[in-house]
Number of protein chains: 2
Amino acid sequence: MLAELRRPERTFTIRQLCQEFKVTPRALRFYEDKGLLAPSRDGMNRVYSYKDRARLQLILRGKRVGLPLAEIREILELYGAEDGPVMQSAHSLKRFRHRIVEMEQQREDLDQAIIELKSACERIEKQLAEVRPDLLPRAEDYDQMLRARLDGHSYPLSAK
Amino acid sequence: MLAELRRPERTFTIRQLCQEFKVTPRALRFYEDKGLLAPSRDGMNRVYSYKDRARLQLILRGKRVGLPLAEIREILELYGAEDGPVMQSAHSLKRFRHRIVEMEQQREDLDQAIIELKSACERIEKQLAEVRPDLLPRAEDYDQMLRARLDGHSYPLSAK
DNA sequence: GCTTGCGTTGACGCTAACGTAAAGGGAATA
DNA sequence: TATTCCCTTTACGTTAGCGTCAACGCAAGC
């Protein structure tokens, strides 16, 4: 039955995850190489569980906020440390606290950058409206952006 | 008189800007190579004006929010386009609008990442308080972070 | 039996953003 | 005069994060 597809027992092929999150198989294998993912196997083939999928979501969000993969790995270990190697996580704790402060600073930078880029765009649009109104962007373009956001997973920063 | 140092006629050597913003001369020359800066010269030596300094601030903030240098250059051109090549900026306008949407998404990601990293840290600290209270971080560490923030310019994401 | 499709493991390539020497030019200081 | 700085340019090296083959395995369909 189709409901199976929603049940947490469900597994994913590499291709399925790639399509869902718009990444390449190469990227997933790379993350595995670097210790961020560890899917089980069916023979040679990778089998991704729901937990693997959740980890991948965290990885991609980490990337979107600018974290290097090495640090994302540590954070994932922090999550995964149910009760075992608390000592080792303790060692990283100070660094994580530091990172939090950095991220809060980054958020302020981001707000400021958004404000300024917006106002710069509006300035140009006004100038453009006076000189060449025909070149002004159509509302349809913004529709497309909004639809893209509702798809959930945003595009990477370096997207063309 | 010392007040000269605050006046907008003031100029800077490469070393002065580097110390102020914690970057290397190599980086400034690199930005110049890529067309993000264009200081004047005294003989062979670079002379940075207040406007150059302001551009550098924008560059560094752009970097902190994850923009590639090439795009920062375009944004700087957008700012600098007082009335001249509005046509050319018009061409980039759609891309900038798109970028703004991305940055707003990035902001949400950032908020979420901060929340989760905080709670993960607190979880570990609680476990640690039960088992090894001696390993808990000292308040002095947080003082240091706060002082660093009050210095103004935050450290790069990839700082050790 | 042969192609088609999805999977695998190397291995080499590539871009961005600098780091790091090498080699040298002025100016001030000892 | 020699050393010491600070500056310059040129050029090669480095790291992260994958992209892009190449060569192969296996299963299904014609």
Side-chain angles (χ1 to χ4, degrees), chain A residues 11-49 52 55-56 58-76 99 153-160, chain B residues 11-49 52 55-56 58-76 99 153-160:
Chain A
T11 60
F12 305 85
T13 74
I14 196 171
R15 190 68 51 157
Q16 287 170 332
L17 281 191
C18 287
Q19 287 175 357
E20 181 173 2
F21 295 105
K22 316 276 186 189
V23 293
T24 66
R26 177 68 175 100
L28 293 196
R29 297 190 191 110
F30 184 76
Y31 301 153
E32 187 174 344
D33 250 42
K34 298 293 173 178
L36 286 85
L37 284 174
S40 49
R41 300 288 183 131
D42 171 19
M44 288 257 78
N45 295 3
R46 273 161 259 253
V47 176
Y48 295 88
S49 69
D52 292 324
R55 284 176 78 92
L56 179 56
L58 285 175
I59 292 170
L60 296 180
R61 197 175 58 203
K63 285 199 49 180
R64 287 195 301 264
V65 306
L67 297 178
L69 292 185
E71 191 146 359
I72 297 178
R73 181 176 47 72
E74 291 185 285
I75 295 178
L76 288 174
R99 175 63 85 189
H153 332 293
S154 78
Y155 8 79
L157 270 179
S158 52
K160 296 267 162 178
Chain B
T11 61
F12 305 85
T13 74
I14 194 172
R15 190 68 48 155
Q16 286 171 334
L17 281 191
C18 287
Q19 286 175 356
E20 181 174 3
F21 295 104
K22 315 278 184 186
V23 293
T24 66
R26 177 70 176 100
L28 294 197
R29 297 190 191 109
F30 184 76
Y31 300 154
E32 187 174 345
D33 249 44
K34 296 295 172 179
L36 285 86
L37 284 174
S40 50
R41 299 288 181 129
D42 172 19
M44 288 258 78
N45 294 3
R46 271 161 257 252
V47 175
Y48 295 89
S49 69
D52 292 324
R55 284 176 79 92
L56 179 57
L58 285 176
I59 293 170
L60 296 180
R61 196 175 59 203
K63 285 201 48 182
R64 287 195 300 263
V65 307
L67 298 178
L69 291 185
E71 191 146 356
I72 296 178
R73 181 174 48 70
E74 292 186 283
I75 295 178
L76 288 175
R99 175 65 84 189
H153 333 292
S154 79
Y155 9 79
L157 269 178
S158 50
K160 297 264 163 179

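Chain naming here is simple, since letters A, B, ... match the order of the sequence lines and numbering starts at 1 in each.
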Participant: Whole angstroms only, please: what is the CG-P distance between D42(B) and dG26(C)?
Facilitator: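 D42(B) atom CG is separated from dG26(C) atom P by 13 Å.
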
Participant: Whole-Å distance between dT15(C) P and E71(B) CD?
Facilitator: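 E71(B) atom CD is separated from dT15(C) atom P by 19 Å.
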
Participant: Measure CG/L17(A) against P/dG7(C) and give the value in whole Å, please.
Facilitator: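 Atom-to-atom, L17(A) to dG7(C), this comes out as 11 Å.
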
Participant: Whole angstrom is fine here: how far is it from CG in L60(B) over to C1' in dA17(C)?
Facilitator: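 My rounded result for the distance is 13 Å.
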
Participant: If I take atom CG from residue L58(A) and atom CG from residue L36(A), how far apart are they, to the nearest 0.5 angstrom?
Facilitator: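 Separation between the atoms: 10.5 Å.
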
Participant: With rounding to the nearest 0.5 angstrom, report the CZ to CD1 distance, R61(B) to I75(B).
Facilitator: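 These two atoms lie 10.0 Å from each other.
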
Participant: Indicate for each nucleotide in nucleotides 8-20 of chain D, in 5' to 3' sequence, whether protein heavy atoms under 4.0 Å reach the base (B), only the sugar-phosphate (S), or nothing (-).
Facilitator: BB-B-----BBBB

Participant: Would you please name every residue forming a side chain to side chain contact (heavy atoms under 4.5 Å, CB included) with S49(A), sequence neighbours left out?
Facilitator: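 By the side chain to side chain contact (heavy atoms under 4.5 Å, CB included) rule, S49(A) matches K51(A), D52(A).
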
Participant: According to side chain to side chain donor-acceptor pair (under 3.5 Å), who are the partners of R55(B), at least two apart in sequence or on a separate chain?
Facilitator: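 By the side chain to side chain donor-acceptor pair (under 3.5 Å) rule, R55(B) matches no residue at all.
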
Participant: If the cut-off is 4.0 Å, is T13(A) near the phosphate of dG7(C), judged by side-chain N/O to OP1 or OP2?
Facilitator: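 Affirmative; the distance criterion is met.
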
Participant: Measure the distance from NZ on K22(B) to P on dC18(C) and round it to the nearest whole Å.
Facilitator: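 Going from K22(B) (NZ) to dC18(C) (P), I get 17 Å.
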
Participant: Just verifying a value: how many Å separate L69(B) CG and D33(B) CG, rounded to the nearest 0.5 Å?
Facilitator: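 Spacing of CG (L69(B)) from CG (D33(B)) equals 11.5 Å.
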
Participant: Could I get the full list of side chain to side chain contact (heavy atoms under 4.5 Å, CB included) partners for Q19(B), not counting sequence neighbours?
Facilitator: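 R15(B).
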
Participant: Rounded to whole angstrom units, what separation is found between the CD atom of Q19(B) and the P atom of dC5(D)?
Facilitator: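 Rounded to the whole Å, the gap is 15 Å.
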
